[in-house]
Q: 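Encoded as structure tokens, here's the structure I'll be asking about.
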Amino acid sequence: MFQNDNLRGAAFMTLSMAGFAVEDMLLKASARVMPMGQAVLIVGLVGLTVFALMARQRGEPAFHPALRTRGLAIRSGFEVSGRLFYALAIALTPLSTTSAILQASPLVVVGGAALFFGERVGWRRWSAVAVGFVGVIIILRPGMDGFSALSLLAVAGMLGFAGRDLATRAAPKVMSNRQLGVAGFAMLALAGVIILGWTGGAVWPDARGWGLLAGTALFAVLGYHALTSAMRTGEIGFVTPFRYVRLVFAMGLAMMVFGERPDLATLAGSVLIVSSGIYTLIRGNRQRPVA
């Protein structure tokens with residue numbers, strides 16, 4: 001029975017990561033027919049509305065009073081930062097590169113948990129974190145001909161998401177997943193406002209543009225729902241490593257839709273990041289009962 005829960009959890013996580021990869025692909029396509037800020041704003045408002053309606057159906061306030069607490073305010077700040085820079089990275093850099101760098105976020109969370117929350121991290125996991133960061137540097141290749149300063153947008157987005165996850169640990173656990181969805185998509189909409197305010201140029205989307213936006217919002221909501229189902233089904237240590245299949249889907253879509261061809265450095269760095277991330281998750285799961 002428990003093994004079946006693990007398998008269902010892994011299936012939900014895989015579906016979630018596939019949904020997020022499709023969301024990123026559609027968002028990048030949307031940025032080709034309208035300003036990225038406008039696309040992000042509309043998707044954020046649609047997602048906010050969907051989760052607000054779901055919260056109201058359960059008799060919950062859409063915006064929980066806990067959002068005014070210091071912990072959740074910090075979480076929201078990191079969320080805006082992550083969403084803003086990641087959206088810009090999707091629009092301005094190859095999707096395969098952006099997705100690969102994003103996979104380093106759990107490694108930052110491991111290091112941050114040790115530094116800020118006093119969690120025990122042994123030398124093996126610290127070594128894995130270091131190897132993962134080497135993978136990021138290989139992808140970025142600073143000082144070499146292939147280096148692009150725009151790739152730092154993906155790094156900034158990754159750090160924002162890691163900060164959000166760390167702040168979530170310190171925030172009061174009183175909000176439902178629906179209310180967290182409202183908060184998350186509200187921050188996405190705010191990121192869109194910031195980007196659009198900087199770039200300007202809003203347009204009325206044509207039929208193709210509205211279709212891309214509808215698809216982006218749909219897969220964003222479905223991906224979030226599948227993610228929450230995954231984390232509630234089976235062992236977290238068994239389910240969580242499946243989050244890295246997002247990179248497989250993202251690279252496949254990048255090659256099929258945008259004609260990207262990840263070079264050897266990107267592939268090698270991706271292998272280091274994913275291997276290190278899976279190792280830290282497995283190692284941390286083994287040590288948790290001992291601690």
Side-chain angles (χ1 to χ4, degrees), residues 13-14 16-33 36 39-40 81-111 126-162 195 212 215-216 219 223 240-282:
M13 181 62 77
T14 301
S16 171
M17 295 302 105
F20 287 141
V22 175
E23 174 199 359
D24 290 345
M25 179 269 291
L26 292 173
L27 187 61
K28 186 175 183 68
S30 299
R32 295 186 171 185
V33 297
M36 171 56 87
V40 171
S81 173
R83 301 250 184 201
L84 191 157
F85 288 112
Y86 187 64
L88 290 173
I90 287 177
L92 300 174
T93 65
L95 180 60
S96 53
T97 300
T98 302
S99 299
I101 293 174
L102 179 65
Q103 305 311 308
S105 179
L107 298 173
V108 178
V109 172
V110 170
W126 275 120
S127 298
V129 170
V131 169
F133 288 152
V134 169
V136 173
I137 292 174
I138 291 175
I139 294 173
L140 294 175
R141 68 205 83 180
M144 301 177 66
D145 292 338
F147 173 72
S148 172
L150 291 175
S151 297
L152 296 177
L153 291 170
V155 176
M158 178 269 291
L159 293 175
F161 287 136
I195 298 172
L212 288 170
T216 304
F219 281 98
T240 303
F242 284 87
R243 68 183 297 162
Y244 289 102
V245 301
R246 177 175 183 169
L247 182 57
V248 177
F249 289 117
M251 285 194 169
L253 290 170
M255 289 187 286
M256 290 188 296
V257 178
F258 302 114
E260 296 180 14
R261 293 295 181 266
D263 58 17
L264 182 60
T266 300
L267 294 174
S270 299
V271 170
L272 288 179
I273 293 171
V274 172
S275 300
S276 301
I278 292 176
Y279 177 82
T280 58
L281 288 169
I282 294 175

Q: What heavy-atom pair brings M36 and A31 nearest, and what distance separates the two atoms?
A: CE-CB, 3.7 Å
Q: To the nearest 0.5 Å, what is the distance between CG on L102 and OG1 on T97?
A: 12.5 Å
Q: Start with the C-alpha gap between V155 and F85, add the side-chain angles, then the distance that decides, and say whether side chain to side chain contact (heavy atoms under 4.5 Å, CB included) holds.
A: CA-CA 8 Å; V155 176; F85 288 112; over 6 Å; no
Q: Can you find a pair of side-chain heavy atoms, one from T280 and one from P106, that are under 4.5 Å apart?
A: no
Q: Quick check: closest heavy atoms across S96 and A254, and the distance to 0.1 Å?
A: N-CB, 4.0 Å
Q: Do F133 and V108 have side chains that approach each other closer than 4.5 Å (heavy atoms only, starting at C-beta)?
A: yes
Q: CG/L88 to OG1/T93 distance, rounded to the nearest 0.5 angstrom?
A: 9.5 Å
Q: What's the verdict on side chain to side chain contact (heavy atoms under 4.5 Å, CB included) for Q103 and Y244, showing C-alpha distance, side-chain angles and the deciding distance?
A: CA-CA 7 Å; Q103 305 311 308; Y244 289 102; 3.5 Å; yes
Q: Would you sort out whether M251 and L267 count as a side chain to side chain contact (heavy atoms under 4.5 Å, CB included), showing the intermediate values?
A: CA-CA 10 Å; M251 285 194 169; L267 294 174; 4.0 Å; yes
Q: Which atoms form the tightest heavy-atom contact between L95 and K28, and what is the distance?
A: CB-CD, 4.2 Å
Q: Working to the nearest 0.5 Å, report the span between CZ of R83 and CD1 of I195.
A: 11.5 Å
Q: With heavy-atom distances below 4.5 Å as the criterion, would you say the side chains of V248 and M17 are in contact?
A: no
Q: Side chains of L247 and I273, heavy atoms from C-beta outward: is any pair under 4.5 Å?
A: no
Q: Could you check if a side-chain atom of L84 sits within less than 4.5 angstrom of a side-chain atom of V40, using non-hydrogen atoms only?
A: no
Q: Check ring pair (Phe, Tyr, Trp, His ring centres under 6.0 Å) between F20 and all other residues, then give those that pass, not counting sequence neighbours.
A: none
Q: For residues A250 and S99, report the shortest heavy-atom separation together with the two atoms involved.
A: CB-OG, 3.3 Å
Q: Taking all non-hydrogen atoms of both residues, which atom of A100 and which atom of S270 are closest, and how far apart?
A: CB-OG, 3.3 Å
Q: Determine whether T98 and Y86 make a side-chain contact, defined as any pair of heavy atoms from C-beta on separated by less than 4.5 Å.
A: yes
Q: Which pairs with one or both residues in residues 240-267 pass salt bridge (charged side-chain N to carboxylate O under 4.0 Å, His left out), sequence neighbours excluded?
A: D24-R246, R141-D263
Q: Could you grab the distance from atom CZ of F147 to atom CD1 of I139, nearest 0.5 Å is fine?
A: 13.0 Å
Q: Treating S275 as the side-chain partner and L272 as the backbone partner, does any N or O pair qualify as donor plus acceptor under 3.5 Å?
A: no
Q: With sequence neighbours excluded, tell me which residues meet side-chain hydrogen bond (donor to acceptor under 3.5 Å, both in side chains) with T14.
A: none
Q: Does F219 CZ have over 12 foreign heavy atoms under 6.0 Å away?
A: no
Q: Determine the minimum heavy-atom distance between T216 and L27, stating which atoms define it.
A: OG1-N, 3.6 Å
